[in-house]
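Taking it in order: structure first as C-alpha cells, then the write-up.
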Amino acid sequence: MSYKSEYLQTLERRGYIHQLTDAAAIDARALKPGLTAYVGFDLTGPSLHIGHLMSIMMLRRLQQHGGKPIALMGGGTTKVGDPSGKDTQRQMLDQATIDANKASIKRVFERFLTFGDGPSDAIMADNAEWLEQLNYIDFLRDYGRHFSVNRMLTMDSVRLRLERDQPLSFIEFNYMVLQSYDFVELNRRYACVMQMGGSDQWGNITQGIDLGRRVSGAELYGLTTPLITNADGSKMGKTAGGAVWLNREQLPDWDYWQYWRNVDDRDVGKFLRLFTDMPDDEIARLESLQGADINDAKIALANAATTLCRGADAAAAAEATARATFAEGGAGEALPSFAISDPTPLIDALVLTGLAASKGEARRKIGENAVRIDGEPATDPTQPITAPAKLSLGKKRHALLTAG
RNA sequence: GGAGGGGUGGCCGAGCGGUCAAUGGCAGCAGACUGUAAAUCUGCCGGGUUUUCCCUACGUUGGUUCAAAUCCAACCCCCUCCA
C-alpha cells in the first residue's frame, strides 16, 4: 500500500504499522493538519518500560508530522484491569499507588512530546476524570446497550481466557467497555479521531470505533503497532533485572544505555528506525556494517535512544564510561558506585554492590573465576577490599567502591 | 448447595512416607570462543556457614509417624459438571 500522507509513509517505512481500520480514510485525514490521536497507558507501575516505547514513539511521530497527540493516563481503567494478553487478574491497586504511579509516569512523556495549548501541542488526559463520574444505570442505558455480549465473547482478550479455562471476572470483562467509552469521550472533548496501540489492543480499539459511530455518529479510526520481538524470538525489553524502565529512578542511565548497546546484531536497524529519530540514510549506512563494526551502530543506537529518553548528557556520560570501562579496561564515572568506610570482605562487597544476590552466590561466582578486583582475578572470598576499587562480575557487570 | 479434579521453587511440570532443597524443561548467571553480538560447549542456579551442618520451602492450620511435598482432618482458593 502506498500512502499519500507523509505521516503514514513514515510510519510504514519505519515499521510501525500492523493494522489500520481504514487506511485510505486515515491517509486522507493525515493530509490535513491537526490529526488528533491518542494512546492509553495503564498506571500499574511507577514507570513505563521499553514495551511502551512503541506507543510513545507513535505519539512522537504524530507530533512530528503536525498532528496532535493525546497521552491518556488510565487513572480510571487501571482500577478495572485490562484482561488482554493476561492469564490472571492483576492485583488491585489502591488510589494512593495509582496517583503515585501517574505522577511518576507523566514525567517521561515530557521528554518525548511537547505539551501546550498550540494546535499540535500534546495533551495529557486522565480517564478518571470522566469514568469516576459515571452513574451505573445511566451508563448502562446510554452505552451498555450498544455492546453485544455475543461479540465481546469472541474478542481475543476474553476468548483466550475462556478457552484456557482461566478465570475472567466481571470487572475485567468491563474493561473494553470503559476503553471504548474513553475513545468517545476524547472525541467529544478534543476531537480525537484515532486510537493507537499495540496489536493486542485491536479489539478494544474497534469496539470504541463502533461505539463512537453509534452514539454520536463520529467516524473514528484505529491503528495498531506490531509486537516487537528480539531477533531470537523473545519478547523485547526483558533483561536480567526485569523490565527496562524508562524512568531514571527505576533504571539508571548507564543500564538504559547498556540495554541498547547490547541488542542482537540483527535488531540494530529495526530498533534505530523505531526508537530513534535518525534519518533513513544514516540508518542504512549503520545497518550495512559487518562483523565487529556493527558495534559502532550499536553505540549510535544507544546514544540516540538514551538521548531521547534520558537526555544527551546521560548518553554522553554512558558512552564515555563504556569506552573507559570496556575499551580501556578502566572505569567510568557512570558505573554504579557504592561507598564503604572500612575494608570490606570480598563476598560482602559483592552483595553490597548487587553483583551477587547472596553471599552463597558471591562465593560460587568467585569459585567460577568470574570475579575481578581492578581487573585482577580474585580467588579468596574473605579478601578485604579497600576503596577505591573496581569490582567486576563477568565481563559486563562492574561496580565502583569509593571511600565513604 | 452437590459431585469430581487441582493448588510444588521466576514460569511450566514430575514426585505421592525416608535415599527430596525436591527429576526434567524454560528463563537466568558465569566460564570457554568472540565483537560488551549470535550460535555452540561447560558449570552454576533457596538462604546461612568453619560445607557431608543448620535454617526456610511443596495453598493454610492442626494431626498420625522415629520420619511427610507425599497419609489423615479442617479451612482457603481455582477449574469442570450438576442444582
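Every chain is numbered from 1 and lettered A, B, ... according to where its sequence line falls, protein lines coming before strand lines. Just so it is clear, the model here is predicted, and its values are computed rather than measured.
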Rounded to the nearest Å, what distance is computed from the CG atom of residue A:Asp232 to the C1' atom of nucleotide B:A27?
12 Å
With rounding to the closest Å, how many angstrom separate the P atoms on B:A68 and B:G18?
11 Å
Please report the distance, rounded to the nearest Å, between CG in A:Leu393 and C1' in B:C45.
14 Å
Could you check whether A:Arg61 makes a cation-pi contact with A:Tyr16, meaning its NZ or CZ is under 6.0 Å from the centre of the six-membered ring and within 45° of the ring axis?
no
Polar pair under 3.5 Å, donor/acceptor by atom type, side chain A:Lys365, base B:C44:
no
NA contact type, A:Asn295, heavy-atom cut-off 4.0 Å: base, sugar-phosphate, or nothing?
base
Start at the 5' end of RNA chain B and walk down; is the nucleotide closest to A:Ala370 or to A:Glu361 reached first?
A:Ala370
Classify the side chain of A:Asp265 and the base of B:G35 as holding, or not holding, a donor-acceptor pair under 3.5 Å.
yes
Taking atom C1' of B:U36 as reference, at what distance in whole Å does atom CG of A:Asp296 sit?
13 Å
For A:Trp260 and A:Tyr256, take the angle between the two ring planes, folded into 0 to 90°, and tell me which bin it lands in: parallel under 30, tilted 30 to 60, perpendicular over 60.
perpendicular
In whole angstrom, what separates A:Ile347's CD1 from B:G47's C1'?
13 Å
Roughly how many Å is it from CD in A:Gln258 to C1' in B:A37, rounded to a whole number?
13 Å
Base, sugar-phosphate or nothing for A:Val263? Non-hydrogen atoms, less than 4.0 Å.
sugar-phosphate
Sugar-phosphate, base or nothing in reach of A:Gly291, heavy atoms under 4.0 Å
base
Pick base, sugar-phosphate or nothing for A:Arg261, based on heavy-atom distances below 4.0 Å to the nucleic acid.
base
So A:Ala356, base contact, sugar-phosphate only, or nothing? Heavy-atom distance under 4.0 Å.
nothing
Quick check on the 6.0 Å ring-centre criterion: do A:Phe326 and A:His398 meet it?
yes
For A:Ala357 and for A:Trp257, find the nucleotide of RNA chain B with the closest heavy atom, then tell me which residue's nucleotide is more 5'.
A:Trp257
A:Asp264 CG - B:A39 P separation (whole Å)
7 Å
Please tell me whether A:Phe139 and A:Tyr181 form a close aromatic pair, meaning their ring centres lie under 6.0 Å apart.
yes
Within-4.5 Å side-chain heavy-atom neighbours: A:Leu11 and A:Leu223:
yes
Here the distance between atom P of B:A37 and atom CG of A:Leu289, to the nearest Å, is 17 Å
Describe the nucleic acid contact of A:Arg397 in one word from base, sugar-phosphate, nothing, applying a heavy-atom distance below 4.0 Å.
sugar-phosphate
